[in-house]
Amino acid sequence: MLHIEPPSADPPEGETAKEAVGGERRASAGSGGGRRRTRRNDPGRKTHILDATLDVIAEHGVAGTTHRHIAAQAGVPLGSITYHFASLTDLQTQAFARHVEQQSAVFEDLFEDVKTHEQFVDVLVDLVHGGPARHRSAVLGFELHLAALRNPGLRALTQAWTEDSRTVLARFTGPESAARLDALLEGMIMHALLTTAPESCERTRDAIDQTLGPAGRRGP
């Protein structure tokens, strides 16, 4: 399983931390100002780096993520990464926290217009058989869960995410059914990512209905 490596005592990719920070200072000086001016002129740089980190993790996995990959993806100097984040682990943790916040909001929005049991199941089936955007978010979600196996600091994040998801589902099913349904969905999404013979939407719907049962069809 992939995992977040602990912070290394050595600087990333052959560049010392001093050189990295120095590069950021030189880049700032070249634009006519010091660090404060760089941050003022690009207030969204830290968020941009976090988004780039998620892109790199989605493509290379946690184990293949490096400072240089992230800097290249973000289009920023390597020193900008070390300026904003204490370590690669710190950067990955903050990026995952951003992903969880975004996905929790997206998940809740999926059910905004749901009025019937049939509509509820339709949303869940689409969640399992989603397109490229859903695929990316699923990959990042499982990268986070795998990383949390090795990094206890991430487990509070995965637990909070699970609780948020179950709270949304419970509005339609009740707490106990929501927990079972959440577990089913995670398993089915993982299977959809890995299988070479995808399940049909009809079989997915049947599995969801069987998991819910009559007691789980409470409705909004």
Side-chain angles (χ1 to χ4, degrees), residues 1-31 33-107 132-162 164-165 193:
M1 291 185 179
L2 304 180
H3 62 279
I4 293 178
E5 296 290 344
S8 171
D10 299 323
E13 313 269 350
E15 180 174 19
T16 68
K18 192 174 191 179
E19 288 170 342
V21 174
E24 177 72 2
R25 286 175 175 166
R26 289 191 295 274
S28 299
S31 63
R35 283 190 186 183
R36 290 184 179 178
R37 182 169 182 177
T38 299
R39 293 183 72 186
R40 184 168 61 248
N41 288 344
D42 190 6
R45 174 166 289 194
K46 184 174 181 179
T47 299
H48 180 57
I49 291 170
L50 291 174
D51 289 337
T53 300
L54 292 173
D55 288 337
V56 172
I57 293 173
E59 182 176 356
H60 298 283
V62 168
T65 297
T66 66
H67 285 85
R68 288 191 183 278
H69 277 146
I70 295 167
Q73 179 69 29
V76 301
L78 185 61
S80 187
I81 308 294
T82 56
Y83 175 81
H84 286 290
F85 302 95
S87 67
L88 184 58
T89 299
D90 173 47
L91 172 51
Q92 291 172 334
T93 299
Q94 291 193 44
F96 276 134
R98 176 169 170 77
H99 178 68
V100 168
E101 181 180 8
Q102 291 174 329
Q103 291 305 307
S104 292
V106 168
F107 187 72
R134 299 270 174 83
H135 178 90
R136 177 183 179 276
S137 66
V139 169
L140 286 170
F142 287 118
E143 285 287 343
L144 168 57
H145 281 81
L146 288 171
L149 289 175
R150 302 289 187 179
N151 182 351
L154 290 174
R155 292 177 195 169
L157 188 59
T158 58
Q159 183 61 37
W161 192 7
T162 296
D164 286 347
S165 298
L193 287 175

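Since the structure is predicted, the reported quantities are computational estimates derived from the model, not experimental observations.
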In short, D51 meets R136 closest at the heavy-atom pair O-NH2, 4.3 Å

Is it true that a side-chain atom of T93 and a backbone atom of T89 form a donor plus acceptor pair closer than 3.5 Å? yes

Closest heavy-atom contact between S137 and Q103? CB-OE1, 3.5 Å

Atom pair CD1 (I81) and NE2 (H69), whose distance is rounded to the nearest 0.5 Å: 12.5 Å

With rounding to the nearest 0.5 angstrom, report the CD to CG distance, Q159 to D164. 10.0 Å

Once you round to the nearest 0.5 Å, how far does CZ of R45 lie from NE2 of H84? 6.0 Å

Could you tell me whether the side chain of Y83 reaches within less than 4.5 Å of the side chain of V76, counting heavy atoms only? no

Are the side chain of S80 and the backbone N or O of P77 linked by a donor-acceptor pair below 3.5 Å? no

Polar side-chain atom of D90 near backbone of A86 as donor-acceptor pair, under 3.5 Å: yes

CD1 of I49 to CZ of R98, rounded to nearest 0.5 Å, is 12.0 Å

Any idea which heavy atoms bring L154 and A147 closest together, and the distance? CD1-CB, 3.7 Å

Mark yes when over 12 heavy atoms from residues, nucleotides or ligands other than E101 sit less than 6.0 Å from its CD; otherwise mark no. no

One should read off an interatomic distance between F96 CZ and H145 NE2, to the nearest 0.5 angstrom, of 10.5 Å

Please round to the nearest 0.5 Å and tell me the distance separating atom CD1 of I70 and atom CG of L91. 4.5 Å

Would a distance-only check, ignoring hydrogens and angles, find a side-chain to backbone donor-acceptor pair under 3.5 Å from R155 to L149? yes

Parallel, tilted or perpendicular: rings of W161 and H99 (30°, 60°): perpendicular

Side chain of T82, backbone of G79: donor and acceptor closer than 3.5 Å? yes

Is a donor on one side and an acceptor on the other found under 3.5 Å between the side chain of E143 and the backbone of V62? yes

Could you pull out the closest heavy-atom pair between L78 and A71, with the gap in Å? CA-CB, 4.0 Å

